[in-house]
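Data block below; observations after.
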2 protein chains.
Amino acid sequence: MYNADEAAGAPTAIICEKIWLAIAERRLRPGTRLKEEQLAEIFSVSRARIRQALTALERDGLVTIMPNRGAFVSEPSVDEARDVFVARRAIEQRVVERLCERATPKDIVRLRGHIEEERIAGRSGNLSDIVRLSGGFHLLLAELSGSAFLFGILRDLVSRTSLITAMYRSNHLHNCGPDEHLAVVEHIAARNVASAIKEMAEHLNHVEAELDLDEEKDQPRDLRTALL
Amino acid sequence: MYNADEAAGAPTAIICEKIWLAIAERRLRPGTRLKEEQLAEIFSVSRARIRQALTALERDGLVTIMPNRGAFVSEPSVDEARDVFVARRAIEQRVVERLCERATPKDIVRLRGHIEEERIAGRSGNLSDIVRLSGGFHLLLAELSGSAFLFGILRDLVSRTSLITAMYRSNHLHNCGPDEHLAVVEHIAARNVASAIKEMAEHLNHVEAELDLDEEKDQPRDLRTALL
DNA sequence: GTACACAATATTGTCTACAATTTTGTAGTC
DNA sequence: GACTACAAAATTGTAGACAATATTGTGTAC
């Protein structure tokens with residue numbers, strides 16, 4: 001009596017998440033065209049619902065909709081990629097500042113627990129979990145900072161970071177996540193604002209530095225500049 | 001041969017703007033119900049288009065959509081209002097920092113020109129222009145900072161600030177905008193990062209302080225807490 | 001043989017009708 | 001007389017059909 005298609009009749013949010021995950025896991029490459037009718041069939045929903053999902057994904061920056069042309073998985077340029085990190089440094093500095101003032105022992109426990117999950121995922125090698133938990137750590141910090149807006153903004157930025165990582169990740173990725181995450185948490189636990197901010201800034205710099213964001217892949221977006 | 005209804009057949013963006021303006025000018029009060037069919041008739045468009053506009057406005061935080069219940073003009077709580085300023089201080093600090101490094105003489109001219117417009121609007125007393133230009137100054141700073149994301153985030157925050165101002169504005173508003181704006185610009189022109197940041201922070205504090213954000217109006221959102 | 005114009009196809013954008021849900025009003029019963 | 005259950009009205013949510021637009025393929029003229 002089971003429905004063979006587990007995604008049948010899924011609400012908009014589920015569809016968004018499935019597409020988001022596919023992008024984050026690189027099953028959907030940047031530039032891929034997303035035909036509405038095709039998606040509607042895959043998810044066994046109406047095209048109207050797919051359109052809702054696509055517009056939602058567009059505002060998260062994961063897909064780009066060109067009028068009368070269709071939706072594509074976004075291809076953030078190098079400049080846009082760097083820009084995401086500019087914004088993240090601004091937001092996350094403030095998040096860390098606030099946490100140094102407000103973090104409860106319970107919060108610290110929760111953060112350490114999350115890092116432990118990251119370690120487990122790292123050992124198991126489950127890419128989906130690694131991607132989700134790594135971003136989740138930063139989101140958890142934002143959530144605990146008590147500012148719904150900083151959280152919301154960072155949610156956006158983490159999504160975009162996933163796409164950027166999928167697009168520009170260099171071959172040699174050494175999973176430095178959990179260790180640096182723990183360092184940030186310990187500074188927060190010690191209420192050492194300056195150190196916590198510095199650690200977070202360095203962490204974000206490391207993440208950015210691990211990407212192939214230099215020269216080369218700069219203009220393959222436009223056919224003209226790519227071929228001439 | 002003129003169509004009596006000037007908004008007939010308007011695209012989604014126009015509808016959003018008209019509603020946004022109505023909220024910013026307090027013609028639509030927080031909590032007002034926005035019936036889709038009614039709006040569709042007013043703007044002479046289909047209900048589907050109204051739905052698009054409403055979901056876009058929800059994303060900007062100006063309206064709240066409750067499933068199967070309808071759309072209402074948002075009623076940001078005091079906490080949410082303060083939160084907007086937390087986020088703005090974080091974003092605008094970074095905007096000012098970047099501008100101190102990157103602002104060209106041309107940028108400074110443009111900023112001074114904008115402030116002049118604000119002064120003119122202030123003298124004419126056109127509330128619509130005052131609201132728009134006052135927020136526009138901050139958006140111009142963000143635009144000139146060269147970060148599309150900081151700009152996009154601030155765009156959101158300025159919209160929400162308009163709603164908050166409409167909701168919590170105290171009776172005695174002394175239009176301190178242009179003068180403080182000019183002070184920020186002059187510090188930027190002088191490449192004085194610390195002073196510019198400080199001036200901006202104080203300006204935002206003043207704007208926040210002018211609102212009736214203390215106690216009282218805290219929980220009239222929920223009928224239960226309002227009446228019991 | 002090449003280039004331009006035109007037609008066919010495919011895909012998106014929009015509107016209208018139907019279904020589901022909530023709210024409001026009414027009647028019946030304790 | 002008040003409370004509960006039911007029914008009717010109104011409003012939102014969804015889906016399917018139609019129209020507009022862009023792209024691709026073909027034919028003809030130079």
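Naming: A, B, ... by sequence-line order, numbering from 1 per chain. Note that these values count all heavy atoms, side chains included, but never hydrogens, waters or copies made by symmetry.
Looking at which nucleotide of DNA chain D each of A/P67 and B/R51 is closest to, the 5′-most match is held by B/R51.
Contact annotation: A/R47 side-chain N/O to D/dA15 OP1/OP2 distance is not under 4.0 Å.
Take B/R69 and apply the salt bridge (Lys or Arg N to Asp or Glu O under 4.0 Å) test, not counting sequence neighbours, and it matches no residue. Taking B/E17 as the reference, nothing meets the side chain to side chain contact (heavy atoms under 4.5 Å, CB included) condition, with sequence neighbours excluded. Here A/F137 pairs with A/H181 under the ring pair (Phe, Tyr, Trp, His ring centres under 6.0 Å) rule; sequence neighbours left out. A search for side chain to side chain contact (heavy atoms under 4.5 Å, CB included) contacts involving B/E143 returns B/R110, B/L140, B/F151, not counting sequence neighbours.
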Step by step, would you call B/H138 with B/I91 a side-chain contact (heavy atoms from CB on, under 4.5 Å)?
CA-CA 11 Å; B/H138 292 262; B/I91 298 294; over 6 Å; no
Short heteroatom pairs, N/O only, protein and nucleotides 9-11 of chain D, under 3.5 Å:
residue : atom : partner : partner atom : Å
D/dT11  : OP1  : B/K35   : NZ           : 2.9

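Rounded to an integer number of Å, the gap from B/E58 CD to D/dT12 C1' is 14 Å. The nearest whole Å value for the distance from the CD atom in A/Q52 to the P atom in D/dT12 is 15 Å. For the pair B/I65 CD1 and D/dG13 P, the interatomic distance rounds to 7 Å; values are reported in whole Å.
In this structure, B/F43 and B/I14 have side chains that are not in contact, with every pair of non-hydrogen atoms separated by 4.5 Å or more. The shortest side-chain heavy-atom distance between B/E37 and B/I50 does not fall under the 4.5 Å cut-off.
Where DNA chain C meets chain A (any atom under 4.0 Å from a heavy atom), the bounding nucleotides read 5' to 3' are C/dT11 to C/dT14.
At a cut-off of 3.5 angstrom, counting only N and O atoms as typed in the model, there is no donor on one side facing an acceptor on the other between the side-chain of A/R49 and the base of D/dG13.
A distance of 6.0 Å separates CG in B/L150 from CD1 in B/I153, rounded to the nearest 0.5 Å.
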